[in-house]
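The sequence lines fix the lettering, A, B, ..., with proteins before strands; numbering per chain opens at 1.
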2 protein chains.
Amino acid sequence: MKTERRRQLSTAEERRESVLRTAIGAFAGKGYFGTTTTEVARAAGISQAYVYRLFPTKEALFTAVVEYCFHRVRAALEEGAARATGSTPEAVLDSMGDAYARLISDNDLLLVQLHAQAAAVSEPAVREAVRTGYARTVEYVRGASGAGEEDVQRFFAVGMLCHLLVSIDAEAVDAPWTRTLAKGITRY
Amino acid sequence: MKTERRRQLSTAEERRESVLRTAIGAFAGKGYFGTTTTEVARAAGISQAYVYRLFPTKEALFTAVVEYCFHRVRAALEEGAARATGSTPEAVLDSMGDAYARLISDNDLLLVQLHAQAAAVSEPAVREAVRTGYARTVEYVRGASGAGEEDVQRFFAVGMLCHLLVSIDAEAVDAPWTRTLAKGITRY
DNA sequence: ATGGGGTGTAGTCGACCACTCACTCTTTCT
DNA sequence: AGAAAGAGTGAGTGGTCGACTACACCCCAT
């Protein structure tokens, strides 16, 4: 009966991952400085003290969340690339973009990326996480699609434009300027 | 001699504007939640209490700063457009982009825009300020350049890409991925 | 020369923050 | 059975924040 899965307590590793998952929703709203560790704890269903047993500091917690987000983005891109293997670079990029659009239909992922970018300005650890995250992502997109520099650049530029559209909830504003900015961008 | 400029005390209006100008530098680093009103006061060379005499709340102060930034962006774009009147839409966009690049050679302007975007997620007043700011800017760029929707969209997408590059200080990283993202983007 | 209104500050206050520690309860090992 | 190891928490700590009040100062019109 060793491997019996009936346990009241989870292992620390399980907890750490579940905290990462739920912390995305917590940080998505008010970002690194605006979100308290108490809110993260409540979202995870544990005490605030235990957050500090799982992660040494708030900063370490946030950077772990950021890295987790980049992993999920990477997974989505891989799935998109797999669905278009053997096509032209442009078609692969399109498929990746579609997979990304599907991933961020839950806005929280994208909002954490935005807040991470903002926190990267003043927090060196966050900056480092964001840098390596984008480094890996850019190189992956380039390699998996085989697209030229300009197309890869446009791919990320449009991604950044998505950050803007989501952060100000442009969907809720029906005006020429929102239609111009959102033109051709898929929403699920 | 009414307009005699020798005064130790400034009028509240003058102070308000000087606070807005210096507050850009204060908010540029850690954004809305991460910057204290005391820091804003110190940057302006006044007491923290006086910040609250000039602006009713921290939120009102921040949104005023955001609006001030949009005004300066608008002025730069106008200058860029003026330098290319009568050219093709593409040339006007180029000239505007160049003027914008010059404006944000001081990074603070752009960082405030980024932080405003982040704060817009949770603070309705900030969201409203950012929305109307972009609404005006998009319509101005469209009207002054006469460019098509796609070009206008790309113009702003590249602007958003600049936000990323500056926030993670991509200039300091010499790697293929940074060169790809920064390709063709002027830096002064 | 003085009264009054605008400029500016010191001091404070309750709320809340990141973080700590002593402690209990559960599971596993022997 | 009993002890060691690990999961999880209640109750704080010191410090700081936004906001407010009460008061000093300066300048100009009268």
Side-chain angles (χ1 to χ4, degrees), chain A residues 1-23 26-27 29-66 115 119 122-126, chain B residues 1-23 26-27 29-66 115 119 122-126:
Chain A
M1 272 243 207
K2 276 186 118 94
T3 51
E4 174 71 57
R5 284 283 72 191
R6 287 276 143 268
R7 267 170 71 85
Q8 278 175 282
L9 274 51
S10 11
T11 70
E13 211 41 62
E14 281 171 346
R15 268 291 189 222
R16 222 184 304 268
E17 215 202 286
S18 102
V19 169
L20 287 184
R21 232 175 314 122
T22 56
F27 280 118
K30 308 174 86 172
Y32 177 60
F33 294 108
T35 306
T36 70
T37 56
T38 305
E39 285 164 355
V40 172
R42 187 165 44 241
I46 60 175
S47 70
Q48 186 246 17
Y50 198 47
V51 171
Y52 276 88
R53 184 138 306 202
L54 299 172
F55 299 92
T57 62
K58 186 190 185 183
E59 189 184 62
L61 164 65
F62 187 70
T63 59
V65 170
V66 171
H115 287 302
S122 62
E123 306 304 295
V126 176
Chain B
M1 275 313 149
K2 276 184 116 82
T3 51
E4 174 70 58
R5 288 281 73 192
R6 288 273 143 266
R7 267 172 72 88
Q8 275 175 284
L9 273 50
S10 14
T11 70
E13 210 41 61
E14 281 171 346
R15 267 292 188 219
R16 221 184 306 267
E17 216 203 285
S18 101
V19 169
L20 287 185
R21 232 175 313 123
T22 56
F27 279 119
K30 308 175 85 170
Y32 177 61
F33 293 107
T35 306
T36 70
T37 55
T38 305
E39 286 164 354
V40 173
R42 187 165 45 240
I46 59 175
S47 72
Q48 184 250 14
Y50 198 47
V51 171
Y52 277 90
R53 182 155 303 213
L54 299 172
F55 300 92
T57 62
K58 186 189 184 184
E59 189 183 62
L61 164 65
F62 187 70
T63 58
V65 170
V66 171
H115 287 302
S122 62
E123 306 303 295
V126 177

Heavy atoms from C-beta onward define the side chain here; which of [options] lies closest to that of [X]?
X	options	value
B/Thr37	C/dA18, C/dG8, D/dG18	D/dG18
A/Thr36	C/dG8, C/dC17, D/dG18	C/dC17
B/Arg53	C/dA18, D/dA19, C/dG8	C/dG8

Ignoring backbone atoms, establish whether A/Ser47 has a side-chain N or O less than 4.0 Å from OP1 or OP2 of D/dG8.
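So the side chain of A/Ser47 is outside the cut-off, no N or O lying under 4.0 Å from OP1 or OP2 of D/dG8.
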
OP1 or OP2 of D/dA7 versus the side-chain N and O atoms of A/Arg15: is any pair under 4.0 Å?
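So the side chain of A/Arg15 is outside the cut-off, no N or O lying under 4.0 Å from OP1 or OP2 of D/dA7.
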
Using residues 58-65 of chain B as the side-chain source, report each donor-acceptor pair under 3.5 Å to any protein atom, sequence neighbours left out, with the distance given to one decimal.
residue: B/Lys58; atom: NZ; partner: B/Tyr32; partner atom: O; Å: 2.8
residue: B/Lys58; atom: NZ; partner: B/Thr35; partner atom: O; Å: 2.9
residue: B/Thr63; atom: OG1; partner: B/Glu59; partner atom: O; Å: 3.3
residue: B/Thr63; atom: OG1; partner: B/Ala60; partner atom: O; Å: 3.0

Drop me the distance from B/Thr11's OG1 to B/Glu17's CD, to the nearest 0.5 angstrom.
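Reported to 0.5 Å precision, the distance equals 9.5 Å.
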
Grab the [atom1]-[atom2] distance between [X] and [N] for me, whole Å please.
X	N	atom1	atom2	result
B/Tyr50	D/dC26	OH	P	15 Å
A/Phe33	D/dG18	CZ	P	13 Å
A/Glu14	D/dG6	CD	C1'	13 Å
B/Lys30	D/dG18	NZ	P	11 Å
A/Ile46	D/dT9	CD1	C1'	10 Å
B/Glu39	D/dA19	CD	C1'	17 Å
A/Gln48	C/dC16	CD	C1'	11 Å

Heavy atoms only: give me the nearest A/Ala12-A/Leu54 pair and the separation to one decimal.
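Scanning both residues, the minimum pair turns out to be O-CD2, 3.9 Å.
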
On DNA chain C, does the nearest nucleotide to B/Ala49 precede the nearest nucleotide to A/Lys58 from the 5' side, or the other way round? Give the residue.
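Whichever sits nearer the 5' end wins; that is B/Ala49.
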
Which sits closer to the 5' end of DNA chain D, A/Glu13 or B/Thr35, going by the nucleotide each is nearest to?
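Nearer the 5' end of the strand: A/Glu13.
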
For a quick check of understanding: with a heavy-atom distance under 4.0 Å over all strands, which category does A/Ala12 fall into, base, sugar-phosphate or nothing?
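Sugar-phosphate, no base atom in range.
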
